[in-house]
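The block underneath contains the structure these notes are about, expressed in structure tokens.
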Amino acid sequence: MISLHFSRSKLKEKFNETLKAVLPILAIVLILCFTIVPIPPSILMAFLIGAVLLIVGMLLFNVGVELSMTPMGERVGTIMTKSKKLWVIILISFIMGFVITISEPDLQVLAGQVPSVPNMTLILAVAAGVGAFLVIALLRMLFNIALSYLLVAFYVVVFALTFFVPKDFLAVAFDSGGVTTGPMTVPFIMAFGIGIAAIRSDTHASDDSFGLVSLCSIGPILAVIILGMIYHPGQAEAVSEAIPVIDNTVDLWRMFTHSIPTYIKEMALSLFPIVFFFGLFQLIARDINKKTLIKIGIGLVYTYVGLVLFLTGVNVGFMPAGNYLGQTLAGLPYAWIIVPIGMIIGYFIVLAEPAVFVLTKQVEEMTSGAISAKAMETSLSVGVSLSVGIAMLRVLTGISVMWFLVPGYAVALILTFFVPKIFTAIAFDSGGVASGPMTATFLLPLAMGACQTLGGNIITDAFGVIAMVAMTPLITIQVMGMAVKVKESRLHKKAIGRKVYVPLEDFGDMEIIEL
């Protein structure tokens with residue numbers, strides 16, 4: 001069925017990419033199981049079944065996104081910005097950001113982790129924050145406003161407000177910026193930005209197609225911080241979830257089959273707003289033929305089934321394994337080993353995030369290969385590796401996450417004034433994309449399990465790992481941009497007495513220079 005709408009060679013390519021992303025994590029866990037971290041066979045079997053579901057789910061998701069989510073987002077962005085009425089564009093953007101965010105599954109999890117704030121109050125506030133910042137991101141593109149100035153201004157506000165919020169609340173607040181930009185919303189929002197940029201004829205349009213996710217990630221942080229100022233949450237307590245006891249294969253099978261209906265419902269609720277908006281725009285514009293609509297419909301089915309399998313695999317199979325690994329590693333006489341092991345896991349696990357695959361491919365396509373998917377993946381892996389290492393160090397020492405977030409964001413924001421602006425937009429988009437469901441269901445339980453064994457405060461010491469994962473790519477990808485800029489400068493100096501093609505900073509034009 002897939003081959004009818006997707007070439008066999010391309011399907012094989014995506015399958016190979018999926019295996020490359022998942023197999024390293026599988027290998028690391030298996031090596032740990034048979035060496036220093038003995039794991040009960042039931043947890044190991046759940047992990048292996050989860051890995052199979054993850055591989056199949058990622059494959060279907062990646063195929064579905066290319067067939068449906070990308071063309072849908074581009075068409076909605078293009079049609080909407082053709083309207084000459086600015087208030088209509090603003091209203092529709094806000095509603096779209098608000099409704100899509102409410103349906104994001106990770107937001108429901110976040111709501112249950114925030115102390116003293118009613119769940120629905122937090123969900124509505126975060127959705128309003130994303131909606132408002134999606135409007136700001138859209139206006140930035142339409143009026144060609146520099147992204148770096150907006151990022152500096154809003155993050156200064158964010159960090160200024162942290163002085164008025166209890167410190168136990170801050171890690172969860174910054175984690176919220178990552179979890180609300182999940183695998184369902186990111187592909188649509190990124191394609192939406194490409195569609196908006198398509199109607200602009202200036203040379204910076206392709207650069208400005210990135211940056212929507214980066215601004216939308218600020219909204220949840222601000223919303224949760226403001227709620228903390230209103231509700232004044234006290235000392236927060238949290239406990240690591242109990243690891244399920246599985247006595248036999250029937251119980252193991254029942255554990256997965258009981259969870260699948262939950263994710264079937266969640267993904268249906270997540271997809272509905274996107275399908276509704278696209279259907280509404282199609283009724284208005286009527287510019288997509290029947291064959292393309294059928295292709296999009298099939299792609300939506302692949303996306304839906306893929307995410308159901310993916311989330312079932314990581315939540316049921318990976319979460320208990322991550323928690324148990326953290327508990328066991330922290331209980332070793334040499335507990336410090338959790339830092340290098342965490343760094344190795346972080347290096348590979350980011351490539352298994354569904355939205356990361358979408359981002360790296362879109363960056364490669366939009367820059368015509370000037371920024372390769374491989375270079376993006378390497379930069380993201382290095383960044384996440386560093387962040388997980390720091391997160392595990394925090395679990396061991398109890399150092400506040402703010403000691404890392406404040407200087408980290410300061411460095412990232414300073415770099416925005418020295419690197420090509422496309423790298424700034426891609427870097428800040430990458431932060432929200434890298435901190436997805438794999439981080440929430442494996443790395444966070446790993447930190448929580450270790451914290452529980454060491455007797456630390458889970459809220460202050462374990463939470464914050466998502467915020468760290470969202471921060472470090474901002475630096476590593478901009479450093480890559482700085483290296484590219486230096487390399488271009490050297491090429492200018494070496495190309496003497498001949499005609500050379502020299503790429504401009506925005507990678508949008510190629511200029512012939514006579515030297």
Side-chain angles (χ1 to χ4, degrees), residues 18-19 22-23 25-30 32-34 37-61 64 103-113 119 179 182-184 238-272 301-328 345 349 352-354 436-449 452-453 458:
T18 302
L19 287 180
V22 178
L23 289 182
I25 300 299
L26 192 61
I28 291 168
V29 173
L30 289 175
L32 290 174
C33 289
F34 294 108
V37 187
I39 290 182
S42 58
I43 294 179
L44 180 59
M45 281 303 300
F47 176 78
L48 294 175
I49 294 173
V52 172
L53 293 177
L54 188 150
I55 291 171
V56 176
M58 274 191 70
L59 176 62
L60 293 176
F61 173 81
S103 64
E104 186 63 49
D106 289 344
L107 182 55
Q108 312 293 329
V109 178
L110 174 72
Q113 296 168 352
N119 286 9
V179 300
M184 186 62 72
V239 294
S240 186
E241 288 190 16
I243 298 174
V245 177
I246 308 167
D247 295 325
N248 52 62
T249 54
V250 175
D251 288 344
L252 179 64
W253 174 247
R254 188 178 294 119
M255 186 172 69
F256 280 93
T257 54
H258 282 188
S259 299
I260 287 177
T262 302
Y263 298 112
I264 287 175
K265 181 181 177 181
E266 284 187 0
M267 288 303 99
L269 292 174
S270 296
L271 262 179
F272 176 75
V301 173
Y302 292 155
T303 303
Y304 176 67
V305 175
L307 278 176
V308 169
L309 295 177
F310 176 88
L311 290 176
T312 302
V314 296
N315 281 284
V316 181
F318 275 56
M319 190 176 289
N323 196 304
Y324 195 90
L325 277 174
Q327 290 185 30
T328 308
I345 292 173
I349 203 168
E353 292 284 6
M438 286 297 290
T439 302
T441 58
F442 192 81
L443 293 180
L444 182 56
L446 181 73
M448 291 174 73
Q452 185 177 15
T453 297
I458 289 178

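The structure displayed is predicted, hence computed values, not measured ones. Position 1 is the first residue of the sequence; numbering continues from there.
In this structure the side chain of Val29 reaches within 4.5 angstrom of the side chain of Leu325, judged on heavy atoms.
The side chain to side chain contact (heavy atoms under 4.5 Å, CB included) test applied to Pro40 returns Ser42, Ile43, Tyr324, not counting sequence neighbours. Considering only residues two or more places apart in sequence or on other chains, Phe318 meets the ring-ring contact (aromatic ring centres under 6.0 Å, His included) condition with Phe47, Phe442.
In this structure, the separation between CG on Leu307 and CD on Glu266 is 11.0 Å, given to the nearest 0.5 Å. Atom CE of Met319 is separated from atom CG of Leu444 by 8.0 Å, given to the nearest 0.5 angstrom. Taken to the nearest 0.5 Å, the CG atom of Asn315 stands 12.0 Å off from the CD1 atom of Ile260. Summarising the geometry, atom CG belonging to Leu30 is positioned 11.5 Å from atom CD1 belonging to Ile25; distances are rounded to the nearest 0.5 Å.
Scanning all heavy atoms of the two residues, the minimum distance from Gly449 to Gln327 falls at O-CG, 3.3 Å. In terms of heavy atoms, Ile28 sits closest to Ile345 at CG2-CG1, 3.9 Å. The shortest heavy-atom contact between Ile264 and Tyr304 is O-OH, 2.7 Å.
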Throw together a table of side-chain donor-acceptor distances under 3.5 angstrom for residues 48-61, partners on residues two or more places apart or in other chains.
none

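Screening residues 252-264 for salt bridge (Lys or Arg N to Asp or Glu O under 4.0 Å) gives Asp251-Arg254 as the qualifying pairs, with residues at least two apart or on separate chains.
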